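Here is the structure we will look at.
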Amino acid sequence: MAKCTSCKNRDAIFMRPYSGEKLCGRCFTKSIERKVQATISKYDMLKRDDTLAVAISGGKDSTSLLHILMKIEKDFPETTLCAVTVDEGIKGYRDEALRFAIKNCQKLGVEHKVISFKEMFGYRLDELVDMIRRKGERDLTPCAYCGVLRRRVLNSVARKVRANKLVTAHNLDDETQTILLNIMHGDVTRIARAKPVLSVAHPELIQRIKPFCEVPEREIALYAYLKKIEFQENPCPYAHTALRNDVRNMLNRIEQNHAGTKFTILRSMERIRPALEAMNEEEKLRSCKLCGEPTMGEVCRPCQMLQRLYIS
Ligand code: SF4
Ligand code: ZN
Ligand code: ZN
């Protein structure tokens, strides 16, 4: 077994294909924590007196991020932190994930708020999916509804707990998938907008930050395993319906043969983004005429989507 290239003492358990580093368990977990800290300072994500709402699903990414943030928080003693879980209402999946979210928050002594689609919109996602299928909405998948409505719920809850920042656990894989998906959907505005620190374009919109945006998903999985973090592992029953799933498989195949491709995509987008931002007029958000939440048009996307199912 090769020795760790960092401490040169313990046996390596992991080889980072894109850098060639061979790391022991301890140096590996430290490298992830250091990467998160470096990302936070690179993008100036945290201020000393921030109030953070951390979106935690009960999966490996958000649970690991919460554990790391609790360590980092010690350097930011005036920062307050609250975990937020959205229960979309996916039988046999989210209910199980919720148990892991609750358990981890209790273990870490973190205040935890849970809010469901049912409370916010009157329907569970499973019920919405039935309605989508009955109506034959072929262009909108369960994930399209789930993603848009979840973002809305997270923003509302973050506002309610008086957070000034909403922390999400989007990792390098999520970010590169989103870049390609936005290109596939021809959504130039969104490409420019999807930054590690989102610009605030409306007083009701809580700034979103993504401290895991430069950490690959498989490294987070290894971090969680080495730190013995308990999380939900089963995939969502609707995941296979999303285009994102095909993009994920494609990117993973490429990354396997050409290590570092995901980082290259992220860096390329960082270089292109200023030009895209200059092309797009500065976003002018207004208040949705139906619900009052921030929106680009007259009616926000969640209201539009719910109206398509004859509810609002
Ligand atoms: Fe929601 Fe789709 Fe994720 Fe399932 S896979 S939780 S439906 S976005
Ligand atoms: Zn080591
Ligand atoms: Zn609305």
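In listed order, ligands and their atoms are each counted from 1. Any value given below was found using the heavy atoms of this structure, including those in side chains, with hydrogens, waters and symmetry copies removed. As the structure is a prediction and not an experimental result, all values here were calculated from the model.
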Closest non-hydrogen atom pair between Val161 and Lys113, with its separation:
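Minimum heavy-atom contact is CG1-CE, 3.6 Å.
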With the Zn ion (ligand 3) at the apex, how many degrees lie between SG of Cys303 and SG of Cys300, rounded to 10 degrees?
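Once rounded, the angle between the two atoms at the Zn ion (ligand 3) is 100°.
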If we ignore hydrogens and angles and just use 3.5 Å, is the side chain of Ser6 paired with the main-chain N or O of Cys27 as donor and acceptor?
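No, because the side chain of Ser6 does not come within donor-acceptor range (under 3.5 Å) of the backbone of Cys27.
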Vertex the Zn ion (ligand 2), arms to Cys27 SG and Cys24 SG, rounded to 10°:
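Here the angle at the metal atom is close to 100°, to 10°.
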Do the non-hydrogen side-chain atoms of Pro17 and Arg218 ever get within less than 4.5 Å of each other?
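The answer is yes, as the side chains (C-beta and beyond) meet within the 4.5 Å cut-off.
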Is the closest side-chain heavy-atom distance between Lys35 and Glu214 below 4.5 Å?
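Heavy-atom side-chain distance check passes, below 4.5 Å.
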Can a salt bridge be assigned to the pair Lys289 and Glu298 using a cut-off of 4.0 Å between side-chain N and carboxylate O?
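The answer is yes: the pair qualifies as a salt bridge.
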Flag if over 12 foreign heavy atoms under 6.0 Å of OH, Tyr18:
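Yes, because the 6.0 Å sphere around OH of Tyr18 holds more than 12 heavy atoms from other groups.
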Atom 4 (Fe) of ligand 1: which protein N, O or S atoms are under 2.8 Å away?
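Protein N/O/S atoms under 2.8 Å of atom 4 (Fe) of ligand 1: Cys236 SG.
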Please say which of Ile56, Leu52, Leu81 ends up in a side chain to side chain contact (heavy atoms under 4.5 Å, CB included) with Val167.
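Exactly one option meets the side chain to side chain contact (heavy atoms under 4.5 Å, CB included) with Val167, and it is Leu52.
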Nearest neighbour in protein (non-hydrogen) for atom 3 (Fe) of ligand 1
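Heavy-atom neighbour on the protein nearest atom 3 (Fe) of ligand 1: Arg150 NH2, 3.8 Å.
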